[in-house]
Amino acid sequence: MTQSIVVQVGQCGNQVGCRFWDLALREHASVNKKGIYDEALSSFFRNVDTRRSDGDNNDISGGKIRSLKARAVLIDMEEGVVNEILQGPLRDVFDSKQLITDVSGSGNNWAVGHKVYGSTYREQIVENLRKAAEHCDCLQCFFVIHSMGGGTGSGLGTFVLNVLEEEFPEVYRIVTSVYPSAEDDVITSPYNSVLAMRELTEHADCVLPIENQSLVDIVNKIKHMSHSGKLGAEIKQSSTIISGQGGVKGQEKPFDAMNNIVANMLLNLTSSARFEGSLNMDLNEITMNLVPFPKLHYLVSSLTPLYTLADVNVPSRRLDQMFSDAFSKDHQLIHSDPKHSLYLACALIVRGDVHVSDLRRNIERLKPSLPFVSWNQEGWKTGLCSVPPVGHSHSLLALANNTCVKPTFIELKDRFMKLYKKRAHLHHYLHVDGMEQSCFTEAVSSLSSLIEEYNQLDATKGLLMTDAQRLNIAV
């Protein structure tokens, strides 16, 4: 069994990470009734004997659960969120050796997070990452969780990504990036996001972009359906993907509903690494199969079902609807239109009592409506995990490498240029040591190149690839 480490950076990264660990514990508790430390738990948790005092060598490889510690590193340049976690119900899942905090914050400035705090805390970050890695028998993946709009998440988050590439080049780097909405209250968020985008494009293996506005829309949709009663059946409240019911947490906080959606996406993404299944998908297979070109590694995620009805019988019609919903805009974590764009590849990660025949039937049913690039018409990767999410009989996470992310990047570039043309707020960045104006021009140039690569692919939509001429081999 392989292990993964979660690196959560900044306020948003730590809040989402907190929900992930809470819901992961809930999920394992529903399956692991005997309290045994098994391979499923070992993928993201250590089993520690806190009574032993022989330094860091107090891990227990099997037997009864003593004290579970998350395989995580928590980083924030303001103490608030991390302190809340340490005072809350999850305090025993982390220890002080996993934390890196400061008091003053990055002031919504990518340069402060990346250049100032990056150089200040580099040694400590490397040390914490190495300690976490040393506790793993077979480290497969780092999951980085951060936001793009602020200073610490975007700046220090992408600095950590660079460090991971330098120190652990063979370990996969999957990044969950929360993008700000157009109405974001951080005026400098377009600068921060574009500067961070360059780092993500250059140094991540795979990026899962999440839009704040999409999360808000999904939360509102679920709440509306819960209260309208139009479905003719009661929604099980514990089954909605915005619910933390059954977790160890106490009072719900303002962003918990939105963060639970992202946490559920990560739970489904990692389900094959944590549980058995008839068609398990390794984490490294996601990058291998979904990323045909190194820089085009931005994947659109969609989750279904958003809730489960109170009746427990699941006819195949509803199962088929789950597959249809996965390709509906209402279930996506980013505003985009994949059906009118071009698919490079697509992964379906299914959980619960679903058969391979159900998977194949639905892929064949949906294929005619999904425009795939001519040279990868069979670009599907599938995974089946036998353990469903808590409160559900089955679920589906779809990951699409699709040119539909292009409008999001174009809008981000436009917002960047509005500020940059006026050189507005630029002095806040340029007074930081090591920050040059070339950082801005190179970042927007990188984003323009990325957009152009998507444009070139879009231009091939509808074209059939002709058979290549055979080479004449001289004997």
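Being a predicted model, the structure only gives us computed values, none of them experimental. Residue numbers count from 1 along this sequence.
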Exercise. Do Q437 and L430 touch side chain to side chain, with heavy atoms closer than 4.5 Å?
Worked result: yes

For this session: Would you check if the distance from the ring center of H146 to the ring center of F159 is below 6.0 Å?
Result: no

Problem set entry | Backbone N/O of D256 and side chain of N260: donor-acceptor pair under 3.5 Å | yes

Problem set entry | Pair K295 + E453: basic N to acidic O under 4.0 Å | no

Exercise. At what distance, to the nearest 0.5 angstrom, does OG1 of T120 lie from CD1 of I100?
Worked result: 12.0 Å

Exercise. Going by atom types only, do E166 and N162 share a side-chain donor-acceptor pair under 3.5 Å?
Worked result: no

For this session: Could I get the full list of side-chain hydrogen bond (donor to acceptor under 3.5 Å, both in side chains) partners for N289, not counting sequence neighbours?
Result: none

For this session: Verify, without hydrogens or angle tests, whether D282 (side chain) and N284 (backbone) share a donor-acceptor contact under 3.5 angstrom.
Result: no

Exercise. Without hydrogens or angle criteria, can the side chains of K406 and N455 be said to hold a donor-acceptor pair below 3.5 Å?
Worked result: yes

Problem set entry | Pair H114-T158, side-chain donor/acceptor within less than 3.5 Å | yes

For this session: Ignoring hydrogens and angles, tell me if any N or O in the side chain of R46 forms a donor-acceptor pair with the backbone of H135 under 3.5 Å.
Result: no

Exercise. Out of curiosity, N268 CG to R274 CZ, how far, rounded to the nearest 0.5 Å?
Worked result: 8.5 Å

For this session: With the side chain counted from C-beta on, respond yes when T270 and F143 share a heavy-atom pair under 4.5 Å apart, and no when they do not.
Result: yes

Exercise. Would you say the side-chain atoms of N47 pair up with the backbone N or O of R66, donor to acceptor, closer than 3.5 Å?
Worked result: yes

Problem set entry | Between Y191 and Y429, ring centroids under 6.0 Å | yes

Exercise. Just by distance, do the side chain of N108 and the backbone of G149 share a donor-acceptor pair under 3.5 Å?
Worked result: no

Exercise. Roughly how far apart are H28 NE2 and L23 CG, rounded to 0.5 Å?
Worked result: 11.5 Å

Exercise. With distance as the sole test, does S446 use its side chain to make a donor-acceptor pair with the main-chain N or O of E442 at under 3.5 Å?
Worked result: no

Exercise. Taking only residues two or more places apart in sequence or in another chain, which ones pass side-chain hydrogen bond (donor to acceptor under 3.5 Å, both in side chains) with T201?
Worked result: Y298

For this session: Could you walk me through whether T304 and S395 pass side-chain contact (heavy atoms from CB on, under 4.5 Å), step by step?
Result: CA-CA 6 Å; T304 178; S395 73; over 6 Å; no

Exercise. Are the side chain of N192 and the backbone of M148 linked by a donor-acceptor contact shorter than 3.5 Å?
Worked result: no

Exercise. Quick one: are I286 and L299 in side-chain contact, heavy atoms under 4.5 Å?
Worked result: yes

Problem set entry | Partner residues of N280 under the side-chain contact (heavy atoms from CB on, under 4.5 Å) criterion, sequence neighbours left out | S272

Exercise. At what distance, to the nearest 0.5 angstrom, does CG of L156 lie from CG of L161?
Worked result: 11.5 Å

Problem set entry | Over-ring placement of R423 relative to Y420, 6.0 Å and 45° cut-offs | yes

For this session: State, without any angle test, whether E211 and H335 hold a side-chain donor-acceptor pair at a distance under 3.5 Å.
Result: no

Exercise. Just wondering, are more than 12 heavy atoms of other shown residues or ligands nearer than 6.0 Å to CD in E123?
Worked result: no

Exercise. Rounded to the nearest 0.5 Å, how far does CG of L290 lie from CG of D205?
Worked result: 12.5 Å

For this session: Output yes when a side-chain donor or acceptor of Q377 lies under 3.5 Å from a complementary backbone atom of F372, and no otherwise.
Result: yes

Exercise. Are the side chains of L269 and I349 in touch, meaning some heavy atoms are under 4.5 Å apart?
Worked result: yes

For this session: Tell me, with the steps shown, if K329 and S336 meet side chain to side chain donor-acceptor pair (under 3.5 Å).
Result: CA-CA 7 Å; K329 290 191 281 188; S336 58; over 6 Å; no

Exercise. Side chain of N259, backbone of F255: donor and acceptor closer than 3.5 Å?
Worked result: yes

For this session: Indicate whether any N or O donor in one side chain lies under 3.5 Å from an N or O acceptor in the other, for D102 and Y121.
Result: yes

For this session: Check the pair W21 / Q8 against side chain to side chain donor-acceptor pair (under 3.5 Å), numbers first and verdict last.
Result: CA-CA 11 Å; W21 294 112; Q8 41 202 68; 3.1 Å; yes

Exercise. So with a 6.0 Å cut-off around CE of M417, is the heavy-atom count from everything else above 12?
Worked result: yes

Exercise. Any sub-3.5 Å donor-acceptor pair from D22's side-chain atoms to C18's backbone N or O?
Worked result: no

For this session: Report the C-alpha separation of F44 and S4 in whole Å, then their side-chain angles, then the decisive distance to 0.1 Å, and conclude whether the side-chain contact (heavy atoms from CB on, under 4.5 Å) test is met.
Result: CA-CA 6 Å; F44 279 85; S4 295; 3.6 Å; yes

Exercise. So Q98 and N128, side chain to side chain donor-acceptor pair (under 3.5 Å) or not? Walk me through it.
Worked result: CA-CA 6 Å; Q98 296 170 272; N128 283 32; over 6 Å; no

Problem set entry | Pair D325-D330, side-chain contact (heavy atoms from CB on, under 4.5 Å): steps then yes or no | CA-CA 8 Å; D325 287 344; D330 289 344; over 6 Å; no

Exercise. Under 4.0 Å between a Lys/Arg side-chain N and an Asp/Glu carboxylate O for D458 and K461?
Worked result: no

Exercise. Taking side chain as C-beta onward, heavy atoms only, is L342 less than 4.5 Å from T460?
Worked result: yes

Exercise. Between R122 and E167, is there a salt bridge with N-O shorter than 4.0 Å?
Worked result: yes

Problem set entry | Verdict with reasoning, K69 to V93, per side-chain contact (heavy atoms from CB on, under 4.5 Å) | CA-CA 5 Å; K69 296 291 181 186; V93 180; 5.9 Å; no

Problem set entry | Minimum side-chain heavy-atom gap P338-F327 below 4.5 Å | no

For this session: Could you tell me whether the side chains of H392 and R351 share a donor-acceptor contact shorter than 3.5 Å?
Result: no

Exercise. Should Y117 and S104 be marked as a side chain to side chain donor-acceptor pair (under 3.5 Å) after you check the CA-CA gap, both sets of side-chain angles, and the distance that decides it?
Worked result: CA-CA 11 Å; Y117 287 127; S104 54; 2.5 Å; yes

Exercise. Measuring from I210:CD1 to S147:OG, what's the distance to the nearest 0.5 Å?
Worked result: 12.5 Å

For this session: State, with a plain yes or no, whether a side-chain heavy atom of R130 is found less than 4.5 Å away from one of F168.
Result: yes

Exercise. Side chains of L267 and E27: does their closest heavy-atom pair fall under 4.5 Å?
Worked result: yes

For this session: Please find out if less than 6.0 Å separates the ring center of W375 from that of F293.
Result: yes

